[in-house]
Amino acid sequence: MILVTGGAGFIGANFVLDWLAQADEPVVNLDKLTYAGNPENLAGLRDDPRHVFVQGDINDRPLVAKLLARHRPRAIVHFAAESHVDRSINGPGEFIQTNINGTFSLLEEARAFWQGLAGADKAAFRFLHVSTDEVYGSLGPNDPPFAETTAYAPNSPYSASKAASDHLVRAYRHTYGLPTLTTNCSNNYGACQFPEKLIPLVLLNALNGKPLPIYGNGLNVRDWLYVGDHCAAIRAVLAGGRLGETYNIGGWNEKTNLDVVHTLCAILDELKPAANGQPYASLITYVKDRPGHDARYAIDARKIERELGWKPAETFDSGIRKTVAWYLANLGWVENVVSGEYQNWMATNYQNRGAS
Ligand code: NAD
Ligand code: DAU
């Protein structure tokens with residue numbers, strides 16, 4: 001049995017589905033079901049006895065203690081977080097509450113549980129913390145990619161909250177000996193991503209004939225990794241990662257935002273041409289930049305390849321085609337997600353934003 005937090009969100013749900021597709025080890029899935037959590041992501045597991053879903057907050061320590069005592073997991077894989085940079089700029093409070101205080105609560109309960117174990121169970125226990133490359137800050141065009149030894153320099157409330165949680169995890173290893181592992185991954189894309197993030201937002205807006213908002217000049221660079229590859233990397237780290245170590249995970253796929261959006265438009269032109277005959281790229285609209293927008297992220301993923309034999313299976317071309325195909329085949333999922341709350345966020349972030 002493993003305990004997954006945030007397993008109804010984008011990466012967590014992909015992880016739980018992949019995990020149960022590969023092995024029969026059951027999963028307890030603790031998720032608060034914030035706006036980003038969606039039980040529909042896990043619809044394939046309805047009535048599957050290997051999946052125990054619990055709606056709850058990682059800050060609810062009695063609940064976490066009860067789940068650990070009842071299910072006695074051999075590992076905790078911690079995805080639960082507030083994850084969207086723009087929301088953290090608009091309102092950082094929830095990011096502090098979940099990403100920092102929530103991780104602290106989980107670490108405290110994990111420590112108490114682990115200290116109560118003995119022998120082989122104690123030796124086998126793992127706390128795997130899922131984090132981001134954004135903790136390293138922003139690169140210039142000619143800087144080497146982020147390595148595990150790169151100094152932390154988070155720039156947004158989101159990345160600062162994730163950096164704080166990484167430091168807490170490190171401290172619990174160093175001080176108490178808790179058997180921790182940390183992963184720092186680049187931008188994920190794939191099925192079930194909430195359409196506030198660049199790729200699904202552009203897909204949805206294009207299909208609805210709406211402007212495709214590009215922050216600033218569109219030349220910011222991100223490294224893109226297909227979500228299935230991220231899930232495989234986490235499984236590899238859980239299985240063989242060295243205790244207390246961090247592993248950078250990336251796709252070796254640096255792209256400007258404009259490149260990404262043009263690729264999406266070209267695939268849509270091919271698979272679902274616009275009714276008005278116009279290329280989707282004609283909807284590209286430059287809008288006011290994100291405050292403090294990091295210029296470039298890039299990941300040196302050689303350590304995880306060298307130590308654990310993991311490298312991405314998908315290229316950007318193959319992964320992005322799968323992703324567009326998934327959204328086109330799941331417009332019902334999209335319709336259910338685009339609820340009132342989503343409309344509120346779109347108004348908050350994009351109305352009155354103005355041109356760049
Ligand atoms: P997401 O926003 O899609 O999902 C987050 C999930 O956590 C949701 O299901 C939500 O309901 C749940 N949650 C939020 N607060 C909670 C709380 N207090 N208690 C319990 N559950 C709570 O996020 P995601 O994109 O799937 O990211 C998952 C993790 O991976 C995060 O820790 C994020 O920092 C990290 N990460 C994301 C990316 C990316 O590109 N999306 C890249 C690297 C790392
Ligand atoms: O690098 C890993 C991180 O990637 C994760 O830790 C975060 O959880 C995840 O949200 C993601 O952060 P980004 O800020 O890079 O992702 P986002 O999809 O929001 O933006 C990607 C790029 O696209 C970024 O440079 C901002 C730009 N962008 C984004 C949106 C939503 C636009 O130009 N227009 C938009 O409307």
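Order of appearance sets the numbers: ligands from 1, and atoms from 1 within every ligand.
- Closest to atom 33 (O) of ligand 2 among all protein heavy atoms lies Tyr215 N, 2.8 Å.
- Residue Glu196 places no N or O, backbone or side chain, under 3.5 Å from any N or O of ligand 2.
- Atom NZ of Lys303 has more than 12 heavy atoms from other residues, nucleotides or ligands within 6.0 Å.
- For the pair Asp57 and ligand 1, the shortest N or O to N or O distance falls below 3.5 Å.
- Nearest non-hydrogen protein atom to atom 3 (C) of ligand 2 is Glu134 OE2, 2.9 Å.
- With respect to atom 43 (C) of ligand 1, the closest heavy atom belonging to the protein is Cys185 O, 3.3 Å.
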- Task: Just do the side chain to side chain contact (heavy atoms under 4.5 Å, CB included) check on Gln343 and Val338 with the steps written out, would you?
- Result: CA-CA 7 Å; Gln343 300 303 336; Val338 183; 3.1 Å; yes
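- Note that the CG atom of Asn187 and the CG atom of Leu198 stand 8.5 Å from one another [nearest 0.5 Å].
- Those atoms of ligand 1 that come under 4.0 Å of a heavy atom in Lys162, given as number and element, are 31 (C), 32 (O), 33 (C), 34 (O).
- Here is the list of ligand 2 atoms found below 4.0 Å of a heavy atom in Thr132: 1 (O), 2 (C), 3 (C), 5 (C), 6 (O).
- Of the protein's heavy atoms, Asp31 OD1, 2.6 Å lies nearest to atom 11 (O) of ligand 1.
- Between Asn187 and ligand 1, not a single N/O pair is under 3.5 Å apart.
- Ligand 1 has an N or O atom lying under 3.5 Å from an N or O atom of Tyr158, backbone or side chain.
- Among protein heavy atoms, atom 36 (N) of ligand 1 sits closest to Ile11 CD1, 4.0 Å.
- No more than 12 heavy atoms of other residues, nucleotides or ligands sit less than 6.0 Å from atom CZ of Arg72.
- A salt bridge between Glu305 and Arg302 is absent, with no side-chain N of the basic residue lying under 4.0 Å from a carboxylate O of the acidic one.
- For atom 14 (O) of ligand 2, the closest heavy atom belonging to the protein is Arg290 NH1, 2.6 Å.
- Counting atoms of ligand 2 from 1 in the listed order, those under 4.0 Å from a heavy atom of Pro213 are 32 (C), 33 (O), 34 (N), 35 (C), 36 (O).
- Among all non-hydrogen protein atoms, the one lying nearest atom 27 (C) of ligand 2 is Asn257 ND2, 3.4 Å.
- Under 3.5 Å, the side chains of His129 and Ser165 contain a donor-acceptor pair of N or O atoms.
- By heavy-atom distance, the residue among Thr34, Leu106, Val54, Thr183 lying nearest atom 13 (N) of ligand 1 is Thr34.
- Between Tyr35 and Asn344, the side chains place no donor N or O within less than 3.5 Å of an acceptor N or O (distance only, hydrogens not considered).
- Looking at Arg87 and Glu341, a side-chain N of the basic residue comes within less than 4.0 Å of a carboxylate O on the acidic one, giving a salt bridge.
- Near Lys197, meaning under 4.0 Å from any of its heavy atoms, are these atoms of ligand 2: 10 (O), 18 (O).
- The aromatic rings of Tyr136 and Tyr152 sit perpendicular to each other, their planes meeting at more than 60°, with 30° as the lower class boundary.
- Under the 4.0 angstrom criterion for non-hydrogen atoms, Lys162 is not in contact with ligand 2.
- Just one of Thr132, Thr150, Thr246, Asp166 meets the side-chain hydrogen bond (donor to acceptor under 3.5 Å, both in side chains) condition when paired with Asn184; it is Asp166.
- The proximity of His78 to ligand 1, defined as any non-hydrogen pair under 4.0 Å, does not occur for either the backbone or the side chain.
- Within ligand 2, counting atoms from 1 as listed, the ones closer than 4.0 Å to a heavy atom of Ile214 are 33 (O).
- Shortest contact from atom 3 (O) of ligand 1 to any protein heavy atom: Phe10 N, 3.1 Å.
- No hydrogens or angles considered: a donor-acceptor pair under 3.5 Å links the side chains of Asn41 and Trp333.
- Of all the atoms in ligand 2, the ones that sit under 4.0 Å from a non-hydrogen atom of Tyr297 are 1 (O).
- Taking only nitrogen or oxygen atoms, main chain and side chain alike, Glu82 does not reach within less than 3.5 Å of ligand 1.
- Remark: ligand 1 and Thr98 share an N or O pair separated by less than 3.5 Å (distance only, no angle test).
- Protein heavy atom at the shortest distance from atom 19 (N) of ligand 1 is Ile58 N, 3.0 Å.
- Looking at Val135, Asp289, Asn187, Asp294 and measuring to atom 4 (O) of ligand 2, the nearest heavy atom belongs to Asn187.
- Remark: Arg173 fails to qualify as a cation-pi partner of Phe127 under the 6.0 Å distance and 45° angle criteria applied to the six-membered ring.
- Contact analysis leaves Ala13 out of contact with ligand 1, as no non-hydrogen atom separation drops below 4.0 angstrom.
- For ligand 1, the polar-atom distance check finds no N/O of Asn38 at less than 3.5 Å from any of the ligand's N/O atoms.
- Using modelled atom types, one side-chain atom of Ser161 and one backbone atom of Tyr158 make a donor-acceptor pair closer than 3.5 Å.
- Among protein heavy atoms, the minimum distance from atom 18 (O) of ligand 2 is reached at Leu198 N, 2.8 Å.
- If you number the atoms of ligand 2 from 1 as listed, the ones under 4.0 Å from a heavy atom of His84 come out as 19 (O).
- Here the straight-line distance linking atom CD of Glu245 with atom CZ of Arg170 works out to 10.5 Å at 0.5 Å rounding.
- Within the listing of ligand 2, atoms 1 (O), 2 (C) sit less than 4.0 angstrom from a heavy atom of Asp133.
- Residue contacts with ligand 1, taken as heavy atom pairs separated by less than 4.0 Å, do not involve Phe15 at all.
- Ala191 approaches Tyr327 most closely through the heavy-atom pair C-OH, 4.4 Å.
- Leu30 and Leu107 fall within a single hydrophobic cluster, where Ile, Leu, Val, Met, Phe, Trp and Tyr are joined by side-chain heavy atoms under 4.5 Å apart, directly or via other members.
- Of the protein's non-hydrogen atoms, Tyr158 OH, 3.6 Å is the one closest to atom 5 (C) of ligand 2.
- The protein heavy-atom contact nearest to atom 40 (O) of ligand 1 is Asn188 N, 2.9 Å.
- For the residue pair Tyr342 / Glu196, no side-chain donor-acceptor distance below 3.5 Å is found, with atom types taken as modelled.
- Atom 5 (C) of ligand 1 has its closest protein heavy atom at Ala81 O, 3.4 Å.
- Remark: minimum distance from atom 1 (P) of ligand 1 to any protein heavy atom is reached at Ser83 OG, 3.5 Å.
- In Lys122, the NZ atom is crowded: over 12 heavy atoms of neighbouring residues, nucleotides or ligands sit closer than 6.0 Å.
- Counting heavy atoms under 4.0 Å from ligand 1, residue Asn99 does not touch it at all.
- In this structure, the protein non-hydrogen atom closest to atom 26 (C) of ligand 2 is His293 NE2, 3.4 Å.
- In terms of heavy atoms, Ala81 sits closest to Thr98 at CA-CG2, 3.7 Å.
- Under a 4.0 Å N-O distance rule, the pair Arg321/Glu270 qualifies as a salt bridge.
- Counting atoms of ligand 2 from 1 in the listed order, those under 4.0 Å from a heavy atom of Ser83 are 7 (C), 8 (O), 9 (C), 10 (O).
- The shortest contact between atom 36 (O) of ligand 2 and any protein heavy atom is with Tyr350 OH, 2.5 Å.
- Checked by atom type, the side-chain pair Thr5/His78 shows a donor-acceptor distance below 3.5 Å.
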